[in-house]
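A quick write-up on the structure given underneath.
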Amino acid sequence: MTEGSYRDGIRAMMPLMPAIVAFGASFGVLARAAGIDALAAMVMSATTFAGSAQFAVVSVLGAGGTAAAAIGAAVLLNARYVPMAFAAAGAFRGGPLRRLLEAQLLVDESWALSSREGGFDRSVLVGAGGLLYVGWNAGTAAGVLAGDSLTDPATLGLDAAFPALFLALLAPMLRSDADRTPLAAAIVGAGIALFLTPVTPAGVPVIAATAACLLGFTRPRRPSPKRASAPRVQEARS
Amino acid sequence: MKVVWLCVLVVGVATIAIKASGPLLAGGREVPQSTARVVDLLAPAVLAALVATQAFASDDDLVLDERAAGLLAAGIAIVLRAPLLVVVVVAAVTAALLRALA
């Protein structure tokens, strides 16, 4: 395969940037609305750098959940990066520190854009992921500033923004006609969460819903796991 | 506020470790398909549970309020392939309008 350049990665990411910055800004606004410290929100974007997990923490804490529940939901959401990181592992070079730092630029979008026949393109991943990192953090900073001037979150309907956001992130994962297991996992997961809400402390229903992933054992084997999930990502945020 | 920083710290460290796992440990190996098939479903299951609890849970009760209407509007926007930001704004505006009218 022909090795791309950082510039190729940056160019490929450019069309997604308005959406990324807006998404980062919405994280900043909703974090402030949920009573999260401005600095904490910005540190989180700089270190965790994974949208859905960050929104999960903010929404669980905002709904009165414990730290354990918020952390559990976020880490379980990010568990999807384990197979993605292993798939892309061969592309990284250099010593452990360099690998660790460059691996942080692995997010859904950079992973999908750098996916090539038979492997991943490191330069494209770093270029695309680097630009996304800048946009995500700039957006968060702007959102935190805007969020400071908000009055009552409920009046603005911001509590309704969270379920809408999670649904928008979920929808592209369910569009495959060939494999209905993600849809089944989503329905069972939502069912478990609703069933447990009246009887368990806040946050527990979301963690317990992960039991739905056991449906994976009923799944047909996929010929190419890399290709199978790549296109959905760009749809998700653009 | 301590709770927030605890979450920021633990989730940050865990995510950094997760992302570095492959590049640091792989050495040409892939995650076994049997594991990947299950791990792949964590995200849809957790996201769906977040949708359900964020829309219908109020403390320990299940309720139908303005958030449900916002979610319905968001669902329509998603079916119409609206961009993410539009989906979120549609939901917020729907809930805000219903509250203003009530």
Side-chain angles (χ1 to χ4, degrees), chain A residues 22 36-37 40 43-44 47-48 50 57 59 67 70-71 74-83 85-86 89 92 96 99-100 103-104 106 156-171 173 182 185-186 189-190 193-194 197-198 205-206 209-210 212-213 216 219 225 237, chain B residues 1 3-8 10-12 14-16 18-24 26 28-31 33 36-57 60-62 66-67 70-71 74-75 78 83-85 87-88 91-96 99:
Chain A
I36 307 283
D37 183 66
V43 169
M44 190 169 213
T47 53
T48 298
V57 168
S59 65
I71 291 167
V75 171
L76 288 165
L77 267 176
N78 278 347
R80 73 181 186 284
Y81 283 123
V82 172
F86 269 80
F92 291 93
R99 283 164 180 266
L100 186 145
Q104 299 313 311
L106 192 155
L156 298 172
L158 289 182
D159 53 340
F162 281 112
L165 177 90
F166 292 125
L167 185 65
L169 293 174
L170 172 65
M173 300 179 181
L194 290 178
T197 293
V206 173
T210 55
C213 78
R219 252 175 146 182
R237 294 187 189 168
Chain B
M1 199 60 3
V3 170
V4 171
W5 280 105
L6 180 68
C7 291
V8 170
V10 176
V11 172
T15 307
I16 288 168
I18 285 170
K19 286 185 181 176
S21 63
L24 287 182
R29 277 174 296 160
E30 279 202 11
V31 173
Q33 263 228 352
R37 282 189 302 168
V38 173
V39 174
D40 266 4
L41 295 180
L42 278 173
V46 172
L47 285 172
L50 284 167
V51 172
T53 51
Q54 293 289 318
F56 304 114
D60 284 348
D61 291 322
L62 292 178
E66 293 85 354
R67 292 172 298 166
L71 184 65
I78 289 168
L84 181 66
L85 192 64
V87 172
V88 173
V93 168
T94 304
R99 273 185 198 132

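Throughout, a chain's letter reflects where its sequence line sits, starting with A, and its residues are numbered from 1.
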Any B:Leu41 side-chain heavy atom under 4.5 Å of A:Pro182 side chain: yes

Side chain proximity check, A:Met44 to A:Ile36, heavy atoms < 4.5 angstrom: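 Counting from C-beta outward, A:Met44 and A:Ile36 never come under 4.5 Å.
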
Need one label for [X]: side chain, backbone, both or neither, based on atoms under 4.5 Å from any heavy atom in chain A.
{"X": "B:Val10", "answer": "side chain"}
{"X": "B:Ala14", "answer": "side chain"}
{"X": "B:Leu85", "answer": "side chain"}

Top contributor to chain A contacts, counting heavy-atom pairs under 4.5 Å, from [options]:
{"options": "B:Leu71, B:Leu50, B:Asp61, B:Val87", "result": "B:Leu50"}
{"options": "B:Pro44, B:Ala91, B:Ala55, B:Gly75", "result": "B:Pro44"}
{"options": "B:Ala45, B:Gly12, B:Ala92", "result": "B:Ala92"}
{"options": "B:Val46, B:Val93, B:Thr94", "result": "B:Val46"}
{"options": "B:Ala57, B:Gly70, B:Ser21, B:Ala95", "result": "B:Ser21"}

Kindly compute the distance separating [atom1] ([X]) from [atom2] ([Y]), expressed to the nearest 0.5 Å.
{"X": "A:Leu165", "Y": "A:Leu170", "atom1": "CG", "atom2": "CG", "answer": "11.0 Å"}
{"X": "A:Thr48", "Y": "A:Leu77", "atom1": "OG1", "atom2": "CG", "answer": "12.0 Å"}
{"X": "B:Leu47", "Y": "A:Leu167", "atom1": "CG", "atom2": "CG", "answer": "9.5 Å"}

Contact origin within [X] toward chain B - heavy atom pairs under 4.5 Å:
{"X": "A:Val57", "value": "side chain"}
{"X": "A:Phe92", "value": "side chain"}
{"X": "A:Ala22", "value": "both"}
{"X": "A:Ala74", "value": "side chain"}

- prompt: In terms of heavy-atom pairs under 4.5 Å, which option from A:Ala70, A:Ala103, A:Pro163 contacts chain B the most?
  reply: A:Pro163

query: So which of A:Ser59, A:Ala161, A:Ala164 has the largest heavy-atom pair count under 4.5 angstrom toward chain B?
result: A:Ser59

message: I'd like to know if the side chain of B:Arg67 reaches the main chain of A:Asp159, judged simply by a donor and an acceptor atom lying under 3.5 Å from each other, with no hydrogens or angles considered.
response: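 It does not hold such a pair.
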
- prompt: Is a side-chain donor or acceptor of A:Gln104 paired with a backbone partner of B:Ile16 at a separation under 3.5 angstrom?
  reply: yes

query: Do you know which two heavy atoms are closest between A:Pro205 and B:Thr53, and how far apart they sit?
result: CB-CG2, 4.2 Å

statement: Heavy atoms of B:Ala43 and A:Arg80 approach each other most closely as CB-CD, 4.1 Å

